[in-house]
**Student:** 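Got a structure here, written out as structure tokens. Questions coming.
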Amino acid sequence: MKIALYNSHGRVLEPFKPLTDKEVKLYACGPTVYNYAHLGNLRTYIFEDLLVRTLTYAGYKVRHVMNITDVGHLTGDGDEGEDKMLKSAQEKGMTPWDIAKFYADAFFADTARLNIQTPTVICKATEHIQDMIDLIKILEEKGFTYQAEGNVYFDVSKFPKYGEMALLDRTELKAGARIEVDTAKRNPQDFVLWFTNSKFGRQAMVWESPWGVGYPGWHVECSAMSRKYLGDQFDIHCGGVDHIPVHHTNEIAQTEAATGKEPWVQYWLHAEFLLTKTFKMSKSEGNFLTLSKIEEMGFEALDYRFFCLGAHYRTQLTFTEQALEGARAGRRALFEKVKSLPSPSPGFGPNQVSATGRDYLDRFEQYLGEDLNMPRALAELWGTLKDVTLGPEEKRWIINTMDRVFGLGLEALTPDGVPVPTQDPALAAEVEALIDERNTARKNKNFARADEIRNQLKGRGITIIDTPTGTSWENHERKM
RNA sequence: GGCGCCGUACCCAAGUGGUAAGGGAGAGGCCUGCAAAGCCUUCAUGCAUCAGUUCGAAUCUGAUCGGCGCCUCCA
């Protein structure tokens, strides 16, 4: 299976070939755990999951490393910059460590519900301070740093390639266009590797270092940890597009300066933003939607995953409630249809697939290989589902196979059982009793009473479904 | 001020030279006591606008209008 990926470095579509034959080393920038992840953040993690699943599907072994930023991420580089963790902790009356744990747990609860696979390695910044210090020491020995006003800075003038990936021309950048210039910097693009407590009086998370007690700058963690778990050079590094100009640009500079090896990363992949009608979702702006929020609105986590599948990862996706409702309806219809297909027998394999079935899979794989064109790949799933020439068992096998990439949990669906029943046994018993009464009424042609009961339940968000084999019900309507 | 991206039906969205994928919504029909679900059919002579290149353009070029992102922390 051929895979081509769009490399942000060079802005071109390139055939994918890992450094090591069948193993892919991948680093993905993880969350800064000072608040809940919002839907926009989650879109990027869904993209990364689809990437990992596609590579796995293609036969590669993927070593997926993701960091957790639990220290050092300031709201700005200057003296007015606040530590995001500390700020959040003070607002909630918790310690930064508690805040980090709380939001990291929330993050993984979200990704689990979205069927996002857990990375091979999850590494916390606070547990790798020494690795960062070691890296900064190398940079210092090689002459890439300077100290000013209590901080250790990376000197971008010593690294001529600075900004190459981002297509940044340093002379064209308008420093201070939107923010005060840090006067301690020699160049506006210089960035902090290590802060000392000379800048902050009360800092909860600090460590000893050769430059004094303090804490690391944000960018250095990804360089130090990726190096520790993936080596000096590896295959893929991904994140959101917003990381191109600053975070990833700085990572490249400090890593290649330290190791002297280039390119540090073979392929840079960046996911585009999720937008609302008038603004992008932004964690620091405070106005954003979380997964839990839309679940309260009556959606399921997988509705959002399905929604994201409908757009290519490199285009801005417009989020509206109407669009999510469309995704929900589509996802439910898909589940219903797949449910009615028999699970293939254990002996069923690729050899049992017909030429027509193979065509669907071939196109599916072709689209995956075209820079993860999920909308097209998904269209092949619908095509398979609707093809009348395919047998049900074969159809189900192909769909299950495709879902190894989509990750919607289709394989587990069965025609048996009540779909998504309530967790409340008392409510369940009450509903069952009403359904029994209604079915008796129907048998006696008392349709007025039957409809009355159905409408009553409908008003409580419970939908009744009559089938030839009996009546089932779902409790998934909007909870207000 | 600089850099980059985008504008496709009611909604989301694919498609980067060969005559508009897919999903949702809507409409008609079958089925049903009625619904729901399911199934069948239908749904852009046109891809912001105007010029141009070409045998041929949503796809290339230019201009115009509109929207977005980045150059601050940000997925």
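Chain letters run A, B, ... following the sequence lines, proteins first, then strands; residues in each count from 1.
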**Student:** Atom NE2 of A:His248 to atom P of B:rC71: distance rounded to whole Å?
**Tutor:**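 After rounding, the reported distance stands at 14 Å.
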
**Student:** Kindly write out the residues that satisfy side-chain hydrogen bond (donor to acceptor under 3.5 Å, both in side chains) with A:Arg438, not counting sequence neighbours, or none if the list is empty.
**Tutor:** A:Asp466

**Student:** To the nearest Å, how far apart are A:Leu275 CG and B:rG69 P?
**Tutor:**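 Taking atom P of B:rG69 as the reference, CG of A:Leu275 is at 7 Å.
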
**Student:** Scan for side chain to side chain donor-acceptor pair (under 3.5 Å) pairs involving residues 114-123 of chain A, sequence neighbours excluded, and state none if there are none.
**Tutor:** none

**Student:** What distance, rounded to whole Å, do you find between the two C1' atoms, one in B:rU45 and one in B:rA36?
**Tutor:**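 So the two C1' atoms sit 38 Å from each other.
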
**Student:** Quick one: A:Leu274 CG to B:rC5 C1', roughly how many Å, whole number?
**Tutor:** 16 Å

**Student:** Can you say whether a donor on the side chain of A:Arg43 sits under 3.5 Å from an acceptor on the base of B:rA75, or the other way round?
**Tutor:**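 It does not, because no donor-acceptor pair links the side chain of A:Arg43 to the base of B:rA75 below 3.5 Å.
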
**Student:** Describe the nucleic acid contact of A:Phe47 in one word from base, sugar-phosphate, nothing, applying a heavy-atom distance below 4.0 Å.
**Tutor:**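 Nothing: the residue A:Phe47, judged by heavy atoms under 4.0 Å, touches no strand.
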
**Student:** Does B:rC10 have a Watson-Crick or wobble partner in any strand here, with both distances under 3.5 angstrom, and which is it?
**Tutor:** B:rG24

**Student:** Let me know the distance between CZ of A:Phe319 and P of B:rC11, rounded to the nearest Å.
**Tutor:** 17 Å

**Student:** Taking for each residue the nucleotide of RNA chain B with the nearest heavy atom, is it A:Ala450 or A:His312 whose nucleotide lies nearer the 5' end?
**Tutor:** A:His312

**Student:** State which of B:rG4, B:rC12, B:rA75 makes the closest approach to the side chain of A:Arg11.
**Tutor:**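 From the listed options, B:rG4 comes nearest.
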
**Student:** Return the nearest nucleotide to the side chain of A:Tyr45; candidates are B:rA75, B:rG15, B:rG38.
**Tutor:**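 Selected nucleotide: B:rA75.
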
**Student:** Among B:rC73, B:rC34, B:rA75, which nucleotide has an atom closest to any side-chain atom of A:Val246?
**Tutor:**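 Minimum distance to the A:Val246 side chain belongs to B:rC73.
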
**Student:** Which of the following nucleotides, B:rG33, B:rA75, B:rA14, is nearest to the side chain of A:Phe447?
**Tutor:** B:rG33

**Student:** In whole angstrom, what separates A:Arg332's CZ from B:rA36's P?
**Tutor:**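 Atom CZ in A:Arg332 sits about 15 Å away from atom P in B:rA36.
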
**Student:** Going by purine N1 to pyrimidine N3 plus the second Watson-Crick contact, or the G-U wobble pair, all under 3.5 Å, which nucleotide sits opposite B:rU19?
**Tutor:** none

**Student:** Before accepting this row, confirm whether a basic side-chain N of the pair A:Glu370/A:Arg363 lies closer than 4.0 Å to the acidic partner's carboxylate O.
**Tutor:** no

**Student:** Measure from the side-chain heavy atoms of A:Pro245 and tell me the nearest of B:rC12, B:rA75, B:rC70.
**Tutor:** B:rC70

**Student:** Quantified in whole Å, what is the C1' atom distance between nucleotide B:rA44 and nucleotide B:rA13?
**Tutor:**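 Looking at atom C1' only, B:rA44 and B:rA13 are 14 Å apart.
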
**Student:** Is any side-chain N of the basic residue among A:Asp303 and A:Arg331 closer than 4.0 Å to the acidic one's carboxylate O?
**Tutor:**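 Between A:Arg331 and A:Asp303 there is a salt bridge, with a charged N closer than 4.0 Å to a carboxylate O.
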
**Student:** Both distances below 3.5 Å, Watson-Crick or wobble geometry, any strand: find the nucleotide opposite B:rG4.
**Tutor:**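 With both distances under 3.5 Å, B:rG4 matches B:rC68.
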
**Student:** To the nearest Å, give me how far apart CD (A:Glu272) and C1' (B:rA13) are.
**Tutor:** 15 Å

**Student:** The criterion is side-chain contact (heavy atoms from CB on, under 4.5 Å); which residues satisfy it with A:Ala377, sequence neighbours excluded?
**Tutor:**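 Residues passing side-chain contact (heavy atoms from CB on, under 4.5 Å) with A:Ala377: A:Phe364, A:Tyr367, A:Leu368, A:Phe406.
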
**Student:** Just checking A:Lys2: does its NZ atom have more than 12 heavy atoms from other residues, nucleotides or ligands closer to it than 6.0 angstrom?
**Tutor:**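 Counting other residues, nucleotides and ligands, NZ of A:Lys2 stays at 12 neighbours or fewer.
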
**Student:** Say you pick atom C1' in B:rA57 and the same atom in B:rG52; how far apart are they, in whole Å?
**Tutor:**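 To the nearest whole Å, 12 Å.
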
**Student:** From the set B:rA13, B:rA75, B:rU72, return the single nucleotide nearest to any side-chain atom of A:Thr318.
**Tutor:** B:rA13

**Student:** Which nucleotide, in any strand shown, forms a Watson-Crick or G-U wobble pair with B:rU45, with both distances under 3.5 Å?
**Tutor:** none

**Student:** What distance, rounded to whole Å, do you find between the two P atoms, one in B:rC65 and one in B:rU49?
**Tutor:** 16 Å

**Student:** For A:Asp371, which residues count as a side-chain hydrogen bond (donor to acceptor under 3.5 Å, both in side chains) partner, sequence neighbours excluded?
**Tutor:** A:His312, A:Tyr313, A:Arg314

**Student:** Identify whether the distance between the nearest side-chain nitrogen and carboxylate oxygen of A:Arg449 and A:Glu437 falls below 4.0 Å.
**Tutor:** yes

**Student:** Rounding to an integer number of angstrom, what distance separates B:rC70 and B:rA51 when you compare their C1' atoms?
**Tutor:**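 So the two C1' atoms sit 32 Å from each other.
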
**Student:** Look through every strand shown and name the nucleotide pairing with B:rC34 as Watson-Crick or G-U wobble, where both distances are under 3.5 Å.
**Tutor:**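 Answer to the pairing question: none, since B:rC34 forms no Watson-Crick or G-U pair.
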
**Student:** Give a yes or no on whether a salt bridge exists between A:Glu393 and A:Arg396, defined as a side-chain N under 4.0 angstrom from a carboxylate O.
**Tutor:** no

**Student:** Can you name the residues that form a salt bridge (Lys or Arg N to Asp or Glu O under 4.0 Å) with A:Asp387, not counting sequence neighbours?
**Tutor:** none

**Student:** Of the options B:rG33, B:rU72, B:rA13, whose atoms approach the side-chain atoms of A:Arg442 most closely?
**Tutor:**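 The closest nucleotide is B:rG33.
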
**Student:** With rounding to whole Å, what would you report as the distance between B:rA9 and B:rG15 at their P atoms?
**Tutor:** 16 Å

**Student:** For B:rC50, which nucleotide in any strand shown is its Watson-Crick or wobble partner with both distances under 3.5 Å?
**Tutor:** B:rG62

**Student:** So A:Tyr103 and A:Asp70, side chain to side chain donor-acceptor pair (under 3.5 Å) or not? Walk me through it.
**Tutor:** CA-CA 10 Å; A:Tyr103 287 114; A:Asp70 52 1; over 6 Å; no

**Student:** Quantified in whole Å, what is the P atom distance between nucleotide B:rG7 and nucleotide B:rC47?
**Tutor:** 13 Å

**Student:** When you get a sec, tell me which of B:rG33, B:rG15, B:rC71 is the closest nucleotide to the side chain of A:Asp451?
**Tutor:** B:rG33

**Student:** Can you tell me if A:Thr320 touches the phosphate of B:rC12, counting only side-chain N or O atoms and a distance under 4.0 Å to OP1 or OP2?
**Tutor:** no

**Student:** Between the protein and nucleotides 22-28 of chain B, list the N/O to N/O atom pairs that are separated by less than 3.5 angstrom.
**Tutor:**
{"residue": "B:rG23", "atom": "OP1", "partner": "A:Lys386", "partner atom": "NZ", "Å": "2.4"}

**Student:** Base, sugar-phosphate, or nothing: which does A:Thr315 touch, judged by heavy atoms less than 4.0 Å apart?
**Tutor:**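 Contact class for A:Thr315: sugar-phosphate only.
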
**Student:** Say you pick atom P in B:rU61 and the same atom in B:rU16; how far apart are they, in whole Å?
**Tutor:**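 Nearest-Å result for B:rU61 against B:rU16 at atom P: 14 Å.
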
**Student:** Roughly, in whole Å, what's the span from CD in A:Gln189 to P in B:rC3?
**Tutor:**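 The distance from CD of A:Gln189 to P of B:rC3 comes to 16 Å, rounded to the nearest Å.
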
**Student:** For A:Tyr313 and A:Arg438, find the nucleotide of RNA chain B closest to each by heavy atoms; which residue's nucleotide sits nearer the 5' end?
**Tutor:**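 This one resolves to A:Tyr313.
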
**Student:** Under the 3.5 Å rule, do the base of B:rC34 and the side chain of A:Asp466 count as making a donor-acceptor pair?
**Tutor:** yes

**Student:** When we call it a touch if two heavy atoms are under 4.0 Å apart, what does A:Ala311 touch: a base, just sugar-phosphate, or nothing?
**Tutor:** sugar-phosphate

**Student:** Rounded to the nearest angstrom, tell me the gap between atom CG in A:Leu317 and atom C1' in B:rC5.
**Tutor:**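 Those two atoms, CG and C1', are 15 Å apart.
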
